[in-house]
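The residues of the chain are indexed from 1 along the displayed sequence. Read the numbers this way: they start at 1 and go in the same order the structure lists the ligands and their atoms. As the structure is a prediction and not an experimental result, all values here were calculated from the model.
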Amino acid sequence: MIPSSYDILGSREKAIAIIEDMENPKEAAEHIMKEHKNVESVLMKLSERKGLQRKREYKLIIGNPDTEVIHKENYCRLKLDPRKTYFSGRESTERLRIAEKIEGGETVLVMFAGIGPFSILIAKKQPEVERIPSIEINPEAVKYMKENIKLNKVEGKVIPILGDVNEKSPDWFDQCDRIIMPLPHKAKDYLGLTGKCLKSDGGVIHLYIIESEENVEGETKNLIGNFQEKTAYKINYKIHKVLPYAPGVYKYCVDIQAK
Ligand SMILES: C[S@@+](CC[C@H](N)C(=O)[O-])C[C@H]1O[C@@H](n2cnc3c(N)ncnc32)[C@H](O)[C@@H]1O
């Protein structure tokens, strides 16, 4: 049986498939490889995403033990190995939604930048962007981000920064027009920093959160209320539903306007 839900990352030349934890994974993997001739390896998820770096454990069920691929999405080629860094191809539509908002001349700070999918798409989609400092704490992800900057010819626009957002953001105080915060489990803890990174005339913050559909309005109201108390900007916001996360629970993006 081919499993009902699995992900494929990569290109026509080389791809990998990722299946859920299941019984008889070998049979499922063989079916997937027969169906998709470009799939060279099948990985099975063994854990949820965990820890600071949001990685998960996988087991190689069948195929090539080298699971590095060049994934094609939107206008970009992204080199990655899911065993070494976070990456989700399911978020490509959301990345495009954000990239389409960027105007020429903006400095866009990408916190929690991973292998660079937001940063690189923005640089390709809006060549007039000023610069895109991209902070990431996982050295393996920053290594891929640097390779992806070259692969996509966006040197000088995307600035890879290895380190903790808490320590590296102060280098960008008062310089940013827009801040992207794709760490849904914890990004809200860093919201205070964003007020310092924005230019004095304000800007936009895209804050990702995980919340139940039932509570999202109330929780966001509280969150933004607390932020408003600590900043001189006038804050307005809209909630955008991104993807399902668990039954009744979704990943949302709170698009925050600070003026
Ligand atoms: C959910 S992933 C998103 C990665 C990337 N933006 C993407 O969309 O593929 C969050 C990333 O934030 C990084 N991270 C977590 N805490 C961090 C911190 N305090 N400073 C910098 N990066 C951090 C993790 O290593 C991980 O790569």
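Considering all non-hydrogen atoms of both residues, Leu109 and Cys176 come closest at CB-SG, 3.7 Å.
Side-chain N/O atoms of Ser212 and Glu214 include no donor and acceptor closer than 3.5 Å. A donor-acceptor pair shorter than 3.5 Å cannot be found between the side chains of Gln257 and Asn236. Checking Asp81 against Thr67 by side-chain atom types alone, a donor-acceptor pair falls below 3.5 Å.
At under 3.5 Å, not a single nitrogen or oxygen of Ser88, backbone or side chain, sits near a nitrogen or oxygen of ligand 1. The distance criterion of under 3.5 Å between nitrogen or oxygen atoms is not met by Phe87 with respect to ligand 1. In terms of N/O distances under 3.5 Å, ligand 1 is approached by Phe112. The N/O atoms of Ile137, backbone and side chain alike, include one that comes under 3.5 Å of an N/O atom in ligand 1. Residue Tyr190 has at least one N or O atom closer than 3.5 Å to an N or O atom of ligand 1.
For atom 16 (N) of ligand 1, the closest non-hydrogen atom of the protein is Leu52 CD1, 3.6 Å. In terms of protein heavy atoms, atom 7 (C) of ligand 1 is closest to Pro117 CG, 3.5 Å. Of the protein's non-hydrogen atoms, the one nearest atom 21 (C) of ligand 1 is Gly163 O, 3.3 Å. Counting protein heavy atoms only, atom 20 (N) of ligand 1 is closest to Val165 N, 2.9 Å.
Residue Pro182 touches ligand 1 through backbone and side chain together, judged by heavy-atom distances below 4.0 Å. Contact annotation: for Arg95 versus ligand 1, heavy atoms closer than 4.0 Å belong to the side chain alone.
For ligand 1, the atoms closer than 4.0 angstrom to any heavy atom of Leu183 are 10 (C), 15 (C), 16 (N). Within ligand 1, counting atoms from 1 as listed, the ones closer than 4.0 Å to a heavy atom of Asp164 are 18 (C), 19 (N), 20 (N). The contact set between ligand 1 and Gly114, taken as ligand atoms under 4.0 Å from a residue heavy atom, comprises 4 (C), 5 (C), 27 (O). Atoms of ligand 1 found under 4.0 Å from any heavy atom of Ala113 (numbered from 1 in listed order, with element): 5 (C), 6 (N).
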Could you give the side-chain donor-acceptor pairs of residues 188-201 under 3.5 Å, partners two or more places apart or in another chain?
| residue | atom | partner | partner atom | Å |
| --- | --- | --- | --- | --- |
| Thr194 | OG1 | Leu191 | O | 2.5 |
| Lys199 | NZ | Asp177 | OD1 | 3.2 |
| Lys199 | NZ | Asp177 | OD2 | 3.0 |

Check step by step if ring pair (Phe, Tyr, Trp, His ring centres under 6.0 Å) holds for His240 and Tyr252.
CA-CA 6 Å; His240 173 80; Tyr252 294 92; 8.9 Å; no
For a ring pair (Phe, Tyr, Trp, His ring centres under 6.0 Å) check, start with the C-alpha distance between His185 and Tyr245, then their side-chain angles and the critical distance, and finish with the verdict.
CA-CA 12 Å; His185 288 85; Tyr245 183 77; 5.8 Å; yes
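Below 30°, between 30° and 60°, or above 60°: for Tyr6 and His36 the angle between ring planes is above 60°, a perpendicular geometry.
Within the structure, the ring pair (Phe, Tyr, Trp, His ring centres under 6.0 Å) test picks out no pair touching residues 124-162 (sequence neighbours left out).
Look at Glu213 and Lys241 and you find a salt bridge, because one of the NZ, NE, NH1 or NH2 atoms lies within 4.0 Å of a carboxylate O, short of that distance.
When the heavy-atom distances from atom 24 (C) of ligand 1 to Arg54, Met181, Glu136 are ranked, the shortest goes to Glu136.
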